[in-house]
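One structure is given below, encoded as structure tokens.
Atoms within a ligand are numbered from 1 in the order they appear, just like the ligands themselves.
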Amino acid sequence: MTVRVRIAPSPTGNLHIGTARTAVFNWLFARHHHGKFILRIEDTDEERSRPEFTDNILEGLRWLGLTWDEGPFFQSQRLDIYKSAVQKLIDQGLAYRCYTTSAELDALRELQTAKKEAPRYDNRHRHLTPEQEAAFQAEGRSFVIRFKIDDNREIVWHDLVRGTVTWKGSDLGGDMVIARATDDGIGQPLYNFAVVVDDMDMEITHVIRGEDHIANTAKQILLYEAFGAKVPEFSHTPLILNKEGRKLSKRDGVTSISDFQEMGFTAEGLVNYMTLLGWSPPDSTQEIFTLAEAAKEFSFDRVNKAGAKFDWDKLDWINSQYIHTMPVDKLTEMLIPYWEKAGYQFDAGRDRAWLEKITALIATSLKRLQDAVEMTKVFFSEVVEYNDEAKAQLQQEASITALKAVLATLEGGQELTETTAQDIIKQVMKEQNLKKGVVMKSLRAALTGEGHGPDLIQSWLLLHQLGLDKSRFTSALAK
Ligand code: GLU
């Protein structure tokens with residue numbers, strides 16, 4: 001048997017971290033078994049689906065390296081297939097037209113709630129006579145198609161993550177709606193129905209999705225049986241939770257993959273982290289691996305039932321591991337869009353050499369690519385903003401003495417290299433009787449406007465090459 005799995009996002013929003021993590025598990029499982037990973041866009045909700053969300057989803061999956069083997073298939077292009085599948089169930093007496101109005105359904109729900117019963121459809125139109133149907137039609141009522149659910153059924157499956165799962169037919173809310181009507185007959189299929197038709201058609205062997213779909217699985221198994229089809233294996237993966245243990249949501253900051261990208265996470269780092277959201281490799285001390293490496297080891301035996309807590313510190317740590325081991329030219333390439341977006345002026349081609357130097361200077365301090373914008377701002381602007389620490393430093397008499405002496409040396413035509421910069425500092429210390437710390441702090445405050453930052457000598461050399469150091473000493477002294 002060839003393993004065939006799928007990811008089936010609805011384009012009603014950008015690619016969500018939860019969907020992306022489900023895609024990761026599907027991808028790993030498919031690659032582990034040398035199977036196929038299929039992409040299906042579930043866009044039957046005409047009002048909420050948008051092409052820009054589809055684009056965002058495809059781009060996000062590609063960016064993460066979750067390449068698919070078949071698709072994307074679009075449900076909106078398969079409506080005729082669903083219609084004839086609905087008709088098949090009607091013809092077999094397994095589905096029927098229900099004319100109950102929404103006012104009637106509301107009244108039913110109110111009654112059930114008053115009696116402290118779970119709301120459910122009472123199957124009242126299961127056995128309408130042709131005369132009754134004609135009368136409802138004459139009244140101008142529209143209809144939905146309902147699939148019969150046997151209350152006495154017990155639905156059992158062996159879930160690859162959760163073990164044996166049992167559902168009672170009576171807990172499924174009564175006969176379920178599988179399609180709505182249009183003026184001329186059967187119209188839009190509903191989620192549970194379209195999914196089963198597609199998963200049968202696309203010969204999906206394993207349905208791997210979030211645990212919020214468990215109740216759907218019980219309904220879907222009944223539909224597979226109605227079609228006489230083989231029921232796939234199911235695997236319900238744990239939800240991603242925030243620090244408080246609730247489902248991760250927009251309120252927790254970012255939830256979509258493009259947001260993470262914008263914040264400066266690398267695709268490799270993010271996908272590595274997502275792999276660990278609910279799964280652990282056989283060597284549980286191993287935290288850094290590529291998708292291909294994880295695929296070799298992946299199995300559902302090592303996927304947790306409990307929800308996976310989202311841990312920003314760990315994500316940052318993993319991301320920094322990828323940044324720190326990246327060659328400088330590649331890292332520069334990755335930082336350029338962030339600098340551009342920040343509005344920094346440079347020519348990515350002509351200025352490449354110093355961009356790489358700036359990159360090298362900050363590389364080991366970066367956790368997220370976006371951090372580079374703040375860390376390197378002193379190299380992209382003529383003027384410096386001084387923070388409080390730098391301001392206090394520059395007010396000290398010793399700082400003024402040190403900066404005057406440094407400036408005098410530079411104005412004397414001293415060429416600046418790593419060695420001469422060190423010599424200048426030593427000379428100023430000796431001649432002005434200043435401690436090294438004072439000279440260094442004064443230089444940093446004047447050159448960068450801050451009290452801390454990347455290597456000072458290297459920063460100075462770069463600023464010198466950019467022709468920015470002397471003016472900074474002068475304006476610091478003018479304060
Ligand atoms: N369109 C559904 C979703 O985005 C797919 C669920 C499934 O995998 O069946 O949640």
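The aromatic rings of Phe25 and Phe298 are tilted relative to each other, their planes meeting at an angle between 30° and 60°. The aromatic rings of Phe380 and Tyr344 sit parallel, their planes meeting at an angle under 30°, below the 60° perpendicular limit.
Closest to atom 1 (N) of ligand 1 among all protein heavy atoms lies Glu42 OE1, 2.6 Å. Regarding atom 5 (C) of ligand 1, its nearest protein heavy-atom neighbour is Ala8 O, 3.2 Å.
When each atom of ligand 1 is checked for a heavy atom of Tyr191 under 4.0 Å away, the hits are 2 (C), 5 (C), 6 (C), 7 (C), 9 (O). Near Arg209, the atoms of ligand 1 lying under 4.0 angstrom from a non-hydrogen atom of the residue are 7 (C), 8 (O), 9 (O).
Cation-pi geometry between Arg97 and Phe143 is satisfied (NZ or CZ under 6.0 Å from the ring centre, within 45° of the ring normal). In this structure, Arg31 satisfies the cation-pi test against Trp27, with its NZ or CZ atom closer than 6.0 Å to the six-membered ring centre and inside 45 degrees of the ring normal.
The distance between the ring centers of Phe234 and His158 does not fall below 6.0 angstrom.
Of the listed residues (His213, His16, Arg6), the one carrying the non-hydrogen atom nearest atom 10 (O) of ligand 1 is His213.
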